[in-house]
> 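Mind looking over this structure? Questions follow.
Just so you know, ligand 1 is whichever comes first in the structure, and atom 1 is the first atom listed for that ligand. Below, all heavy atoms of this structure are taken into account, side chains as well, without hydrogens, waters or symmetry copies. One-based numbering along the sequence shown.
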Amino acid sequence: MLKIAVLISGGGTNLQSIIDSIENNYLNCCIECVICDKAGAFGIDRAKKHDIKTFVIDKKEHGVALSDKILEIVNEKVDLIVLAGFLSILKGDILKRFHNKIINIHPSLIPSFCGKGMYGIKVHERALEYGVKITGCTVHFVDEGTDTGSIIIQKAVKVLEDDTPETLQKRVLEQEHKALSEAIKLISEGRVKIEGRKIKIV
Ligand code: GRF
């Protein structure tokens, strides 16, 4: 069974969608632990409610050592690291040790509206300002860059005339929940084949 660590920074609705997908047997995997880089985040309560081991590695306290602290926790313990609303950038050994074993969910169709500083409601503000007709979300492998790894799944969301950043965010978040569990399922079934930058689902 695929063992995963889920990294969060906030409300944890993506974490909740993974928990729900396991409980309704859509996902055949086990959440070994949840790691949060922000004390008091509601996502920690979601994990505790389901007796999932939680660690808080406060980014303010650990700074550049954050990634190495996380590696200490997950090394040799999990098969996949899932960034689910995780706002710190992983660096150093963890990226090598877990090459093509870290995935992230981003609330836009990468390569639009992504990269440094592009997270949360800001992403949807930019999409509306730009006037795109279609936005969505992306699950991708994490590499040394920010939101630059190979793309596994994308889900499109139509932008409505009267959308606000909040109404758009809500609809994209619904698709994020589906896309993230779908990506984990494909990986757990060995159906994700990496061919250079391209990903093939077999
Ligand atoms: C979501 O928009 C997610 O795409 C982004 O962080 C936001 C909050 O996610 N990475 P969650 O509710 O904490 O899972």
> Nearest protein heavy atom to atom 4 (O) of ligand 1, by residue and atom, and its distance?
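Atom 4 (O) of ligand 1 sits closest to the protein heavy atom Glu176 OE1, 2.4 Å.
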> Heavy atom of Gly12 under 4.0 Å from ligand 1?
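So Gly12 counts as touching ligand 1.
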> May I ask you to decide whether Arg171 forms a salt bridge with Asp163, counting only side-chain N to carboxylate O separations under 4.0 Å?
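Salt bridge between Arg171 and Asp163, a charged N being under 4.0 Å from a carboxylate O: yes.
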> Should the heavy atoms of other residues, nucleotides or ligands under 6.0 Å from OH of Tyr119 be counted, would the total exceed 12?
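No, because the 6.0 Å sphere around OH of Tyr119 holds 12 heavy atoms or fewer from other groups.
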> Any atoms of ligand 1 less than 4.0 Å from a non-hydrogen atom of Ile105? List them with their elements.
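Per the distance check, 4 (O), 10 (N).
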> At under 4.0 Å between heavy atoms, which part of Gln169 makes contact with ligand 1: side chain, backbone, both or neither?
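Near ligand 1, Gln169 shows nothing, with every heavy atom at 4.0 Å or more.
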> Distance alone, cut at 3.5 Å: any donor-acceptor contact between the side chains of His106 and Ser108?
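Per modelled atom types, His106 and Ser108 side chains form a pair under 3.5 Å.
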> Could you tell me which atoms of ligand 1, counted from 1 in the order shown, lie closer than 4.0 angstrom to a heavy atom of Pro107?
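It comes down to these atoms of ligand 1: 2 (O), 4 (O).
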> Which option, Thr138, Asn14, Leu87, owns the non-hydrogen atom nearest atom 14 (O) of ligand 1?
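Nearest option to atom 14 (O) of ligand 1, by heavy atoms: Asn14.
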> Please check if the number of heavy atoms outside Tyr130 that lie under 6.0 Å from its OH is greater than 12.
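Atom OH in Tyr130 is not packed in, count stays at 12 or less.
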> Is it true that Lys185 and Glu189 have a side-chain N and a carboxylate O under 4.0 angstrom from each other?
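So Lys185 pairs with Glu189 through a salt bridge.
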> For ligand 1, which atoms sit closer than 4.0 Å to a heavy atom of Gly85?
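Counting atoms of ligand 1 from 1, those under 4.0 Å from Gly85 are 5 (C), 6 (O), 9 (O), 10 (N).
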> According to a hydrophobic-cluster definition based on side-chain heavy atoms being under 4.5 Å apart (Ile, Leu, Val, Met, Phe, Trp, Tyr only), do Ile194 and Leu80 belong together?
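Yes, same cluster.
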> Report, in ascending order of atom number, the atoms of ligand 1 lying under 4.0 Å from any heavy atom of Gly11.
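What qualifies from ligand 1 is 13 (O).
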> Heavy-atom contacts with Thr13 under 4.0 Å: which atoms of ligand 1 show up? List them by number with element.
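Atoms satisfying the 4.0 Å criterion: 11 (P), 12 (O), 13 (O), 14 (O).
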> Any donor-acceptor pair under 3.5 Å linking the side-chain atoms of Thr135 with those of His124?
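The criterion, which ignores hydrogens and geometry beyond distance, is not satisfied for Thr135 and His124.
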